[in-house]
Amino acid sequence: MTTEQSPARTPERQAFYDHIAPANLAPLWERLHSLVTAEPHPAALPAIWHYREVRPHLIEAGGLITAEEATRRVLMLMNPGLGGEASITGSLFAGLQLILPGEIAPAHRHTQSALRFIIEGHGAYTAVDGERTLMEPGDFVITPSWTWHDHGNDTSEPMVWLDGLDVQLVNLLNASFAEGYPESTQPVSRPEGDSLARFGHNLLPVDWHPAVKTSPVFNYPYARSREALAILAKNGAPDPYHGHKLRYVNPATGESAMPTIGTFLQLLPAGFNTQPYRSTDGTVYVAIEGEGETRVGDTVLRWEPRDIFVVPSWLPHAHHAAREAVLFSFSDRPVQEKLGLWREARGNA
Ligand code: 1HN
(Lines give C-alpha, C1' and ligand atoms only; values in the text may rest on other atoms or scores of the structure.)
Protein backbone atom coordinates (compact mmCIF):
# COMPACT_ATOMS: atom_id res chain seq x y z
CA MET A 1 0.00 0.00 0.00
CA THR A 2 2.94 2.33 0.46
CA THR A 3 3.96 2.26 -3.21
CA GLU A 4 5.96 5.40 -3.84
CA GLN A 5 5.88 5.04 -7.61
CA SER A 6 3.53 3.71 -10.26
CA PRO A 7 4.47 0.54 -12.20
CA ALA A 8 6.32 1.15 -15.48
CA ARG A 9 4.17 2.59 -18.26
CA THR A 10 5.14 0.30 -21.16
CA PRO A 11 3.96 1.15 -24.70
CA GLU A 12 1.60 -1.81 -24.53
CA ARG A 13 0.08 -0.58 -21.24
CA GLN A 14 -0.18 2.99 -22.54
CA ALA A 15 -2.03 1.71 -25.60
CA PHE A 16 -4.41 -0.10 -23.27
CA TYR A 17 -5.01 3.05 -21.17
CA ASP A 18 -5.75 5.01 -24.37
CA HIS A 19 -8.04 2.24 -25.52
CA ILE A 20 -10.17 2.24 -22.34
CA ALA A 21 -10.26 6.02 -21.78
CA PRO A 22 -13.24 6.56 -24.14
CA ALA A 23 -15.17 4.06 -21.99
CA ASN A 24 -14.52 6.31 -18.96
CA LEU A 25 -12.12 3.82 -17.43
CA ALA A 26 -8.59 4.25 -16.09
CA PRO A 27 -6.07 2.08 -14.22
CA LEU A 28 -5.90 2.71 -10.49
CA TRP A 29 -2.27 1.50 -10.35
CA GLU A 30 -1.19 4.68 -12.20
CA ARG A 31 -2.72 6.85 -9.49
CA LEU A 32 -2.69 4.81 -6.28
CA HIS A 33 0.39 6.48 -4.81
CA SER A 34 -1.08 9.95 -5.15
CA LEU A 35 -4.59 8.98 -4.06
CA VAL A 36 -3.51 7.11 -0.93
CA THR A 37 -0.48 8.79 0.62
CA ALA A 38 1.42 7.52 3.63
CA GLU A 39 0.67 10.82 5.35
CA PRO A 40 -1.04 14.10 4.49
CA HIS A 41 0.51 16.10 1.62
CA PRO A 42 -1.47 19.33 1.70
CA ALA A 43 -1.14 21.53 -1.36
CA ALA A 44 -1.70 24.53 0.93
CA LEU A 45 1.46 26.35 2.00
CA PRO A 46 2.29 28.12 5.25
CA ALA A 47 1.52 31.78 4.58
CA ILE A 48 0.95 35.06 6.40
CA TRP A 49 -1.04 38.20 5.60
CA HIS A 50 0.31 41.23 7.45
CA TYR A 51 -2.62 43.49 8.24
CA ARG A 52 -0.54 46.65 7.79
CA GLU A 53 0.05 45.57 4.16
CA VAL A 54 -3.47 44.32 3.45
CA ARG A 55 -5.39 47.23 5.00
CA PRO A 56 -4.51 49.79 2.28
CA HIS A 57 -5.83 47.35 -0.36
CA LEU A 58 -9.06 46.92 1.60
CA ILE A 59 -9.52 50.69 1.82
CA GLU A 60 -8.79 50.90 -1.92
CA ALA A 61 -11.52 48.30 -2.54
CA GLY A 62 -13.79 50.55 -0.47
CA GLY A 63 -13.37 53.30 -3.06
CA LEU A 64 -14.00 50.97 -5.99
CA ILE A 65 -17.22 49.22 -5.04
CA THR A 66 -19.92 49.63 -2.41
CA ALA A 67 -20.83 46.86 0.02
CA GLU A 68 -24.31 46.90 -1.52
CA GLU A 69 -23.07 46.35 -5.08
CA ALA A 70 -20.50 43.74 -4.05
CA THR A 71 -23.08 42.04 -1.77
CA ARG A 72 -20.05 41.31 0.40
CA ARG A 73 -16.93 43.47 -0.02
CA VAL A 74 -14.39 40.81 0.85
CA LEU A 75 -10.77 40.38 -0.19
CA MET A 76 -10.18 36.65 -0.20
CA LEU A 77 -7.03 35.25 1.42
CA MET A 78 -5.72 33.05 -1.36
CA ASN A 79 -3.38 30.31 -0.22
CA PRO A 80 -0.40 30.55 -2.60
CA GLY A 81 -0.20 26.74 -2.84
CA LEU A 82 -3.80 26.29 -3.98
CA GLY A 83 -3.50 27.62 -7.53
CA GLY A 84 -6.13 30.35 -7.44
CA GLU A 85 -8.73 28.38 -5.46
CA ALA A 86 -10.74 30.64 -3.15
CA SER A 87 -9.31 28.78 -0.16
CA ILE A 88 -6.90 29.40 2.67
CA THR A 89 -6.69 25.67 3.51
CA GLY A 90 -7.94 22.75 1.43
CA SER A 91 -11.30 22.87 3.19
CA LEU A 92 -11.83 26.44 4.38
CA PHE A 93 -12.38 29.92 3.04
CA ALA A 94 -11.01 33.07 4.66
CA GLY A 95 -11.41 36.69 3.64
CA LEU A 96 -11.32 40.19 5.07
CA GLN A 97 -14.59 42.10 4.87
CA LEU A 98 -14.85 45.90 4.94
CA ILE A 99 -18.02 47.83 5.79
CA LEU A 100 -17.72 51.61 5.62
CA PRO A 101 -19.78 54.03 7.71
CA GLY A 102 -23.39 54.12 6.55
CA GLU A 103 -23.12 50.96 4.46
CA ILE A 104 -25.29 47.86 4.47
CA ALA A 105 -24.37 44.38 3.28
CA PRO A 106 -27.78 43.09 2.18
CA ALA A 107 -29.56 40.15 3.83
CA HIS A 108 -29.19 36.68 2.39
CA ARG A 109 -28.79 33.12 3.59
CA HIS A 110 -26.84 30.06 2.51
CA THR A 111 -26.03 26.59 3.73
CA GLN A 112 -22.38 27.54 4.29
CA SER A 113 -21.67 28.47 7.92
CA ALA A 114 -19.67 31.62 8.57
CA LEU A 115 -17.62 32.95 11.43
CA ARG A 116 -16.61 36.57 11.84
CA PHE A 117 -13.55 37.45 13.84
CA ILE A 118 -13.49 41.19 14.41
CA ILE A 119 -10.25 42.92 13.44
CA GLU A 120 -10.94 46.66 13.40
CA GLY A 121 -13.72 49.11 14.29
CA HIS A 122 -16.27 49.38 17.05
CA GLY A 123 -20.01 48.90 17.01
CA ALA A 124 -21.05 47.91 13.51
CA TYR A 125 -23.71 45.22 13.63
CA THR A 126 -24.49 41.88 12.12
CA ALA A 127 -28.05 40.60 12.27
CA VAL A 128 -28.79 36.89 12.46
CA ASP A 129 -32.34 35.57 12.45
CA GLY A 130 -33.89 38.75 13.78
CA GLU A 131 -31.27 39.74 16.35
CA ARG A 132 -28.50 42.26 15.94
CA THR A 133 -25.19 42.12 17.72
CA LEU A 134 -22.72 45.00 17.90
CA MET A 135 -19.18 43.89 17.19
CA GLU A 136 -15.93 44.75 18.95
CA PRO A 137 -12.34 43.70 18.11
CA GLY A 138 -11.66 40.10 19.14
CA ASP A 139 -15.34 39.10 19.21
CA PHE A 140 -16.12 35.74 17.61
CA VAL A 141 -19.49 35.93 15.86
CA ILE A 142 -21.33 33.06 14.17
CA THR A 143 -23.69 33.01 11.22
CA PRO A 144 -25.19 29.50 11.34
CA SER A 145 -26.07 27.58 8.19
CA TRP A 146 -29.26 28.80 6.46
CA THR A 147 -29.90 31.79 8.73
CA TRP A 148 -30.76 35.21 7.28
CA HIS A 149 -27.93 37.64 7.87
CA ASP A 150 -27.12 41.23 6.98
CA HIS A 151 -24.46 43.58 8.23
CA GLY A 152 -24.48 47.33 8.72
CA ASN A 153 -22.20 50.05 9.97
CA ASP A 154 -23.94 52.93 11.75
CA THR A 155 -20.65 54.15 13.25
CA SER A 156 -18.22 56.75 11.92
CA GLU A 157 -15.32 54.34 11.36
CA PRO A 158 -14.59 51.53 8.91
CA MET A 159 -15.26 48.05 10.27
CA VAL A 160 -13.16 45.07 9.23
CA TRP A 161 -13.51 41.45 10.16
CA LEU A 162 -12.13 38.12 9.08
CA ASP A 163 -14.72 35.84 7.50
CA GLY A 164 -14.13 32.08 7.86
CA LEU A 165 -16.48 29.76 5.97
CA ASP A 166 -16.83 26.06 5.21
CA VAL A 167 -17.31 26.83 1.50
CA GLN A 168 -15.02 24.09 0.20
CA LEU A 169 -16.53 21.44 2.47
CA VAL A 170 -20.07 22.31 1.44
CA ASN A 171 -19.15 22.40 -2.25
CA LEU A 172 -17.24 19.11 -2.05
CA LEU A 173 -20.53 17.59 -0.93
CA ASN A 174 -22.59 19.55 -3.51
CA ALA A 175 -24.78 20.87 -0.71
CA SER A 176 -24.79 24.61 -1.51
CA PHE A 177 -28.09 26.48 -1.40
CA ALA A 178 -28.41 30.27 -1.22
CA GLU A 179 -31.06 32.94 -1.58
CA GLY A 180 -31.46 36.68 -1.17
CA TYR A 181 -33.89 38.30 1.26
CA PRO A 182 -36.57 40.46 -0.39
CA GLU A 183 -35.41 43.56 1.54
CA SER A 184 -31.86 44.77 2.11
CA THR A 185 -32.20 44.30 5.89
CA GLN A 186 -34.26 41.81 7.84
CA PRO A 187 -36.68 42.98 10.55
CA VAL A 188 -35.31 43.03 14.09
CA SER A 189 -37.51 40.84 16.28
CA ARG A 190 -35.41 40.48 19.43
CA PRO A 191 -33.39 43.06 21.38
CA GLU A 192 -29.62 43.09 21.23
CA GLY A 193 -28.07 40.77 23.82
CA ASP A 194 -31.08 38.45 23.98
CA SER A 195 -29.20 35.32 22.86
CA LEU A 196 -26.29 35.98 25.18
CA ALA A 197 -28.67 36.37 28.14
CA ARG A 198 -30.57 33.19 27.31
CA PHE A 199 -27.66 30.97 26.37
CA GLY A 200 -24.38 32.59 27.38
CA HIS A 201 -24.39 32.47 31.18
CA ASN A 202 -24.12 28.75 31.97
CA LEU A 203 -27.91 28.66 31.96
CA LEU A 204 -30.39 27.57 29.31
CA PRO A 205 -34.07 28.43 29.01
CA VAL A 206 -36.10 25.73 30.74
CA ASP A 207 -37.88 23.51 28.21
CA TRP A 208 -35.54 24.68 25.40
CA HIS A 209 -33.95 21.98 23.28
CA PRO A 210 -31.48 22.58 20.49
CA ALA A 211 -33.03 22.28 17.04
CA VAL A 212 -29.82 22.85 15.09
CA LYS A 213 -26.17 21.91 15.55
CA THR A 214 -24.78 25.44 15.81
CA SER A 215 -24.42 27.21 19.16
CA PRO A 216 -27.37 29.43 20.13
CA VAL A 217 -24.79 31.99 21.33
CA PHE A 218 -23.87 33.94 18.21
CA ASN A 219 -21.46 36.46 19.68
CA TYR A 220 -18.69 35.29 22.02
CA PRO A 221 -17.38 38.66 23.23
CA TYR A 222 -13.62 38.96 23.47
CA ALA A 223 -13.79 40.70 26.86
CA ARG A 224 -15.20 37.55 28.47
CA SER A 225 -12.94 35.03 26.73
CA ARG A 226 -9.90 37.18 27.42
CA GLU A 227 -10.74 37.36 31.10
CA ALA A 228 -10.83 33.57 31.32
CA LEU A 229 -7.38 33.36 29.74
CA ALA A 230 -5.99 36.02 32.09
CA ILE A 231 -7.12 34.01 35.11
CA LEU A 232 -5.74 30.75 33.70
CA ALA A 233 -2.39 32.41 33.00
CA LYS A 234 -2.24 33.64 36.58
CA ASN A 235 -3.27 30.31 38.08
CA GLY A 236 -1.02 27.75 36.50
CA ALA A 237 1.64 26.65 34.07
CA PRO A 238 0.92 26.68 30.34
CA ASP A 239 0.58 23.44 28.37
CA PRO A 240 3.93 22.81 26.64
CA TYR A 241 2.30 22.45 23.20
CA HIS A 242 -0.56 24.94 23.37
CA GLY A 243 0.10 27.49 26.08
CA HIS A 244 -3.22 28.32 27.75
CA LYS A 245 -5.70 27.18 25.10
CA LEU A 246 -9.49 27.03 25.21
CA ARG A 247 -12.01 25.93 22.62
CA TYR A 248 -15.29 27.71 21.96
CA VAL A 249 -18.27 25.44 22.66
CA ASN A 250 -21.96 25.19 22.03
CA PRO A 251 -23.27 25.46 25.62
CA ALA A 252 -26.19 23.16 24.82
CA THR A 253 -24.03 20.23 23.70
CA GLY A 254 -20.42 20.82 24.72
CA GLU A 255 -19.49 20.33 21.07
CA SER A 256 -17.76 22.91 18.92
CA ALA A 257 -19.68 26.18 18.59
CA MET A 258 -20.05 25.53 14.85
CA PRO A 259 -20.56 22.00 13.49
CA THR A 260 -18.05 22.30 10.66
CA ILE A 261 -15.48 24.73 12.05
CA GLY A 262 -13.62 24.45 15.35
CA THR A 263 -12.58 27.72 16.99
CA PHE A 264 -9.94 28.28 19.65
CA LEU A 265 -8.34 31.00 21.74
CA GLN A 266 -4.92 30.67 23.33
CA LEU A 267 -2.61 32.78 25.44
CA LEU A 268 1.16 32.42 25.17
CA PRO A 269 3.07 33.98 28.08
CA ALA A 270 5.84 36.45 27.28
CA GLY A 271 8.97 34.59 26.18
CA PHE A 272 7.14 31.26 25.90
CA ASN A 273 8.08 28.68 23.24
CA THR A 274 5.59 25.94 22.44
CA GLN A 275 6.98 22.50 21.65
CA PRO A 276 6.61 21.21 18.06
CA TYR A 277 3.13 19.89 17.39
CA ARG A 278 1.12 18.82 14.39
CA SER A 279 -2.42 17.79 13.62
CA THR A 280 -4.40 16.91 10.53
CA ASP A 281 -6.57 20.02 10.65
CA GLY A 282 -5.01 22.83 8.63
CA THR A 283 -5.48 25.88 10.85
CA VAL A 284 -5.96 29.62 10.32
CA TYR A 285 -4.61 31.88 13.08
CA VAL A 286 -5.29 35.51 13.88
CA ALA A 287 -2.83 37.30 16.17
CA ILE A 288 -4.83 39.50 18.50
CA GLU A 289 -2.30 40.68 21.05
CA GLY A 290 1.45 40.49 21.41
CA GLU A 291 4.19 39.71 18.96
CA GLY A 292 5.97 36.57 18.04
CA GLU A 293 6.73 34.03 15.39
CA THR A 294 5.55 30.61 14.37
CA ARG A 295 7.90 28.14 12.75
CA VAL A 296 5.95 25.92 10.35
CA GLY A 297 8.22 23.24 8.89
CA ASP A 298 11.10 25.34 7.53
CA THR A 299 9.11 28.55 7.25
CA VAL A 300 9.15 31.26 9.92
CA LEU A 301 6.06 33.46 10.08
CA ARG A 302 6.55 36.63 12.13
CA TRP A 303 3.32 38.10 13.43
CA GLU A 304 1.94 41.13 15.19
CA PRO A 305 -1.62 42.09 16.13
CA ARG A 306 -4.21 41.66 13.31
CA ASP A 307 -1.94 39.47 11.17
CA ILE A 308 -3.47 36.28 9.80
CA PHE A 309 -1.47 33.14 9.09
CA VAL A 310 -2.12 29.56 8.08
CA VAL A 311 -0.57 26.29 9.22
CA PRO A 312 -1.42 23.51 6.73
CA SER A 313 -2.32 19.98 7.80
CA TRP A 314 0.35 17.84 9.45
CA LEU A 315 3.19 20.36 9.29
CA PRO A 316 5.05 20.51 12.61
CA HIS A 317 4.81 23.97 14.07
CA ALA A 318 5.93 25.82 17.19
CA HIS A 319 5.03 29.28 18.43
CA HIS A 320 7.32 31.79 20.11
CA ALA A 321 5.81 34.77 21.92
CA ALA A 322 8.18 37.71 22.27
CA ARG A 323 5.50 39.47 24.34
CA GLU A 324 2.43 37.95 25.98
CA ALA A 325 0.32 36.96 23.00
CA VAL A 326 -3.24 35.90 22.29
CA LEU A 327 -4.10 33.90 19.16
CA PHE A 328 -7.51 33.03 17.78
CA SER A 329 -7.64 30.05 15.43
CA PHE A 330 -10.07 27.97 13.40
CA SER A 331 -9.98 24.70 11.48
CA ASP A 332 -12.10 21.80 10.20
CA ARG A 333 -11.24 19.73 13.29
CA PRO A 334 -14.89 18.97 14.31
CA VAL A 335 -15.54 17.44 10.89
CA GLN A 336 -12.44 15.27 11.07
CA GLU A 337 -13.29 14.21 14.63
CA LYS A 338 -16.83 13.23 13.67
CA LEU A 339 -15.48 11.10 10.84
CA GLY A 340 -12.77 9.49 12.96
CA LEU A 341 -10.00 11.04 10.86
CA TRP A 342 -8.42 13.61 13.16
CA ARG A 343 -4.87 12.89 14.35
CA GLU A 344 -2.25 14.82 16.27
CA ALA A 345 1.39 14.25 17.15
CA ARG A 346 3.45 15.92 19.83
CA GLY A 347 7.13 16.57 19.32
CA ASN A 348 8.94 15.97 16.04
CA ALA A 349 7.57 12.41 15.66
C1 1HN B 1 -20.73 35.54 2.80
O2 1HN B 1 -22.04 35.32 2.65
C3 1HN B 1 -20.28 36.49 3.70
O4 1HN B 1 -22.41 36.94 4.58
C5 1HN B 1 -18.92 36.69 3.83
O6 1HN B 1 -20.81 38.23 5.14
C7 1HN B 1 -18.00 35.99 3.10
C8 1HN B 1 -17.52 34.28 1.49
C9 1HN B 1 -17.92 33.30 0.65
C10 1HN B 1 -19.26 33.05 0.47
C11 1HN B 1 -20.22 33.77 1.17
C12 1HN B 1 -21.25 37.28 4.53
C13 1HN B 1 -18.44 35.02 2.22
C14 1HN B 1 -19.81 34.78 2.05
Side-chain angles (χ1 to χ4, degrees), residues 44 49 54 57-58 61-62 65-79 82 84-100 102-121 123-137 139-155 158-186 188 214 218-220 257-261 263 284 286 308 310 328 330-332:
W49 290 262
V54 175
H57 297 313
L58 262 179
I65 190 164
T66 63
E68 187 112 38
E69 187 187 353
T71 311
R72 296 296 184 261
R73 191 201 285 115
V74 176
L75 292 184
M76 304 190 287
L77 305 186
M78 309 286 284
N79 189 293
L82 294 177
E85 289 289 316
S87 320
I88 190 160
T89 69
S91 63
L92 295 173
F93 171 99
L96 282 165
Q97 178 159 180
L98 169 70
I99 305 238
L100 291 170
E103 284 194 318
I104 284 172
H108 68 188
R109 64 177 177 177
H110 38 69
T111 49
Q112 290 81 3
S113 298
L115 68 83
R116 329 281 171 194
F117 191 77
I118 316 312
I119 303 284
E120 176 184 337
Y125 69 83
T126 186
V128 173
D129 261 351
E131 183 178 336
R132 285 184 179 180
T133 188
L134 301 181
M135 300 178 280
E136 291 294 322
D139 290 357
F140 158 51
V141 177
I142 302 174
T143 308
S145 177
W146 208 239
T147 53
W148 295 113
H149 54 285
D150 49 275
H151 320 300
N153 185 351
D154 296 333
T155 79
M159 188 92 191
V160 177
W161 61 77
L162 179 72
D163 288 309
L165 289 94
D166 54 8
V167 169
Q168 283 69 27
L169 285 170
V170 172
N171 286 346
L172 172 70
L173 302 170
N174 289 129
S176 176
F177 292 89
E179 59 186 4
Y181 193 76
E183 317 286 325
S184 64
T185 56
Q186 61 182 304
V188 173
T214 305
F218 77 111
N219 187 346
Y220 291 73
M258 304 170 71
T260 50
I261 305 180
T263 49
V284 180
V286 185
I308 298 153
V310 56
F328 171 81
F330 67 95
S331 76
D332 62 15

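Nothing fancy with the numbering, it's 1 onward along the sequence. In this text the structure is predicted, and so the values were computed from the model without any measurement. All ligand and atom numbering here is 1-based and tracks the order in the structure.
Protein heavy atom in closest approach to atom 12 (C) of ligand 1: Arg72 NE, 2.8 Å. Protein heavy atom nearest atom 10 (C) of ligand 1, with residue, atom name and distance: Leu165 CD2, 4.0 Å.
Against a heavy-atom cut-off of under 4.0 Å, Gln97 is close to the following atoms of ligand 1: 5 (C), 6 (O). Annotation for ligand 1: atoms under 4.0 Å from non-hydrogen atoms of His151 are 4 (O), 6 (O), 12 (C).
Checked by atom type and distance alone, the side chain of Asp150 pairs as donor or acceptor with a backbone atom of Gln186 at under 3.5 Å. No donor-acceptor distance shorter than 3.5 angstrom exists from the side chain of Asn219 to the backbone of Thr133, with no hydrogens or angles considered.
Contact annotation: for His110 versus ligand 1, heavy atoms closer than 4.0 Å belong to the side chain alone.
No side-chain N or O of Thr66 forms a donor-acceptor pair with one of Glu103 less than 3.5 Å apart.
Ring geometry for His110 versus His108: interplanar angle over 60°, hence perpendicular rather than tilted (30 to 60°). Between Tyr181 and Trp148, the ring-plane angle classifies as perpendicular under the 30° and 60° cut-offs.
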